[in-house]
Amino acid sequence: MTTVGFIGSGNIGVTIARLAIEAGHQVVLSNSRGPETLADTVAELGPRASAATSGEAAAAGDIVVVTVPVKAFPHVPAVPLAGKTVIDTCNYGPERDGHIPELDSQSLTSSELLLRYIPDAGVVKAFNNIFFKHLLSLARPAGAPDRSYLPIAGDSAQAKAAATEFIESIGYSVVDAGPLADSWRQATGTPVWGTPYGPYSNEKGRPADEDTIRAALAAATR
């Protein structure tokens with residue numbers, strides 16, 4: 001059993017938490033408004049879930065999921081994340097985040113920007129390319145013929161291995177999409193973002209196999 005900390009508890013975060021609990025993990029949720037605002041979510045998720053401050057969630061997690069607006073990266077607690085695998089689900093949106101020069105100029109990916117704020121963590125980009133309702137509905141047990149694949153990117157082999165083990169435990173297989181510098185291939189608007197899993201109007205989604213995800217990553221252009 002793994003304890004998964006969450007910095008941010010929006011749709012993607014809560015969906016990952018739900019899948020993690022179903023797989024037998026513990027989850028510790030946090031958000032920017034305080035643990036008391038998560039009481040209803042924790043009650044719904046059940047006894048394997050708890051709420052805490054972001055620092056406490058970061059400290060508690062064997063793996064920590066960061067799922068916040070990119071503009072909130074400076075507030076992610078760096079010290080308790082040192083040495084940990086951090087899964088970054090975040091997508092940059094200037095209309096929400098404001099303009100960030102390094103991202104607008106493409107000199108950095110958003111995950112590389114996060115790593116600047118938490119330099120001692122092993123950052124892995126994952127879950128940022130799938131609609132939260134599809135993430136929930138497409139989870140399948142290992143060996144299922146219609147199991148879907150998710151791309152991951154990261155610079156640390158150890159962190160990638162830990163993230164892969166976690167993702168596989170909650171119902172997905174993984175395609176290694178390279179280092180963080182290549183994580184733009186799964187960013188908003190790329191071929192692998194959303195499309196392989198079907199339209200938002202189909203809440204059940206459609207499975208996406210390894211070849212589909214690899215082809216979509218290869219088709220990405222900047």
Between N128 and D88, is the side-chain contact (heavy atoms from CB on, under 4.5 Å) condition met? List the steps. CA-CA 8 Å; N128 70 304; D88 166 27; over 6 Å; no
Is there a side-chain contact (heavy atoms from CB on, under 4.5 Å) between V76 and L81? Walk through the geometry before answering. CA-CA 9 Å; V76 174; L81 294 176; 3.6 Å; yes
Count I, L, V, M, F, W, Y as connected when their side-chain heavy atoms are under 4.5 Å apart, and connections chain through other members. Are F127 and V70 then in the same cluster? no
If hydrophobic clusters are built by linking Ile, Leu, Val, Met, Phe, Trp and Tyr wherever their side-chain heavy atoms come under 4.5 Å apart, do F132 and V14 end up in the same one? no
Given 3.5 Å as the limit, does a donor-acceptor pair link the side chain of R96 with the main chain of P94, or not? no
Taking atom types as modelled, find out whether S169 and H25 have a side-chain donor-acceptor pair closer than 3.5 angstrom. yes
Please determine whether residues V68 and V4 belong to a single hydrophobic cluster, defined as Ile, Leu, Val, Met, Phe, Trp and Tyr linked transitively by side-chain heavy-atom distances below 4.5 Å. no
What I'd like to find out is whether the side chain of F6 reaches to under 4.5 Å of the side chain of V28, using heavy atoms alone. no
May I ask you to test the P207-L138 pair for a side-chain heavy-atom distance under 4.5 Å? yes
In short, L180 meets V123 closest at the heavy-atom pair CD2-O, 3.7 Å
Identify the heavy atoms of L38 and S9 that sit nearest to each other, and give their distance. CD2-CB, 3.8 Å
With a 4.5 Å heavy-atom cut-off, do I213 and Y197 have their side chains touching? yes
Donor-acceptor pair, side chain of N129 and main chain of V192, under 3.5 angstrom: yes
If you draw a 6.0 Å radius around CD in E165, do more than 12 non-hydrogen atoms from other residues or ligands fall strictly inside? no
State, to 0.1 Å, how close T2 and I63 come at their nearest heavy-atom pair, and which atoms those are. CG2-N, 4.4 Å
Is any NZ, NE, NH1 or NH2 atom of the basic residue among E210 and R214 found under 4.0 Å from an Asp or Glu carboxylate oxygen of the other? yes
Side chains of S110 and N91 only: does a donor on one sit below 3.5 Å from an acceptor on the other? no
Checking side-chain hydrogen bond (donor to acceptor under 3.5 Å, both in side chains) between Y92 and each of T109, T188, D104, which is the one that passes? D104
Can you see whether T190 engages R185 through a side-chain donor-acceptor pair at a distance of less than 3.5 angstrom? no
Using the rule that two of Ile, Leu, Val, Met, Phe, Trp, Tyr join whenever any of their side-chain heavy atoms come within less than 4.5 Å, decide whether V86 and L19 are in one cluster. no
Any sub-3.5 Å donor-acceptor pair from D155's side-chain atoms to G122's backbone N or O? no
If we ignore hydrogens and angles and just use 3.5 Å, is the side chain of H134 paired with the main-chain N or O of P199 as donor and acceptor? yes
Minimum heavy-atom separation for I7 and S30, please, with both atom names. CA-OG, 3.5 Å
Within a radius of less than 6.0 Å around CG of D40, do more than 12 heavy atoms belonging to other residues, nucleotides or ligands occur? no
Atom CD1 of I12 and atom CD1 of I130: how far apart are they, to the nearest 0.5 Å? 7.5 Å
Any side-chain heavy-atom pair of Y149 and P196 under 4.5 Å: no
How long is the span from the CG atom in L45 to the CG atom in L29, to the nearest 0.5 Å? 6.0 Å
Closest heavy-atom pair, E168 versus S173, reported as atoms and distance to 0.1 Å, is CG-CA, 4.4 Å
Would you check if the side chain of D97 reaches a backbone N or O of G93 as a donor-acceptor pair within less than 3.5 Å? yes
Find out whether K204 and K133 are in side-chain contact, i.e. whether some heavy atom of one side chain is under 4.5 Å from a heavy atom of the other. no
Can you tell me how far CZ of F131 sits from OH of Y200, rounded to the nearest 0.5 angstrom? 6.5 Å
Would you say the side-chain atoms of T212 pair up with the backbone N or O of A208, donor to acceptor, closer than 3.5 Å? no
Under 3.5 Å, side chain of R140 to main-chain N/O of G171, donor-acceptor pair present? no
Answer whether the closest heavy-atom distance between the side chains of W184 and R222 falls below 4.5 Å. yes
Salt bridge check: are D62 and K84 linked by an N-O gap of less than 4.0 Å? no
Kindly indicate whether the side chain of E102, heavy atoms from C-beta on, has any atom under 4.5 Å from the side chain of E112. no
Report yes or no: do W193 and I87 belong to one cluster of Ile/Leu/Val/Met/Phe/Trp/Tyr joined by side chain heavy-atom distances under 4.5 Å? yes
Would N31 and T37 satisfy side-chain hydrogen bond (donor to acceptor under 3.5 Å, both in side chains), going step by step from the backbone distance to the final call? CA-CA 8 Å; N31 63 16; T37 65; 3.0 Å; yes
Using the rule given for side-chain contact (heavy atoms from CB on, under 4.5 Å), can you reason through I170 versus E22, listing the C-alpha separation, both sets of side-chain angles and the distance that settles it, and then say yes or no? CA-CA 8 Å; I170 66 170; E22 289 174 359; over 6 Å; no
Contact check, side chains of I152 and K125, non-hydrogen atoms, under 4.5 Å: no
Main-chain N/O of R147 paired to Y172 side chain as donor or acceptor, under 3.5 Å: no
Please report the shortest heavy-atom distance between L150 and I167, naming the atom on each side. CD1-CG2, 4.2 Å
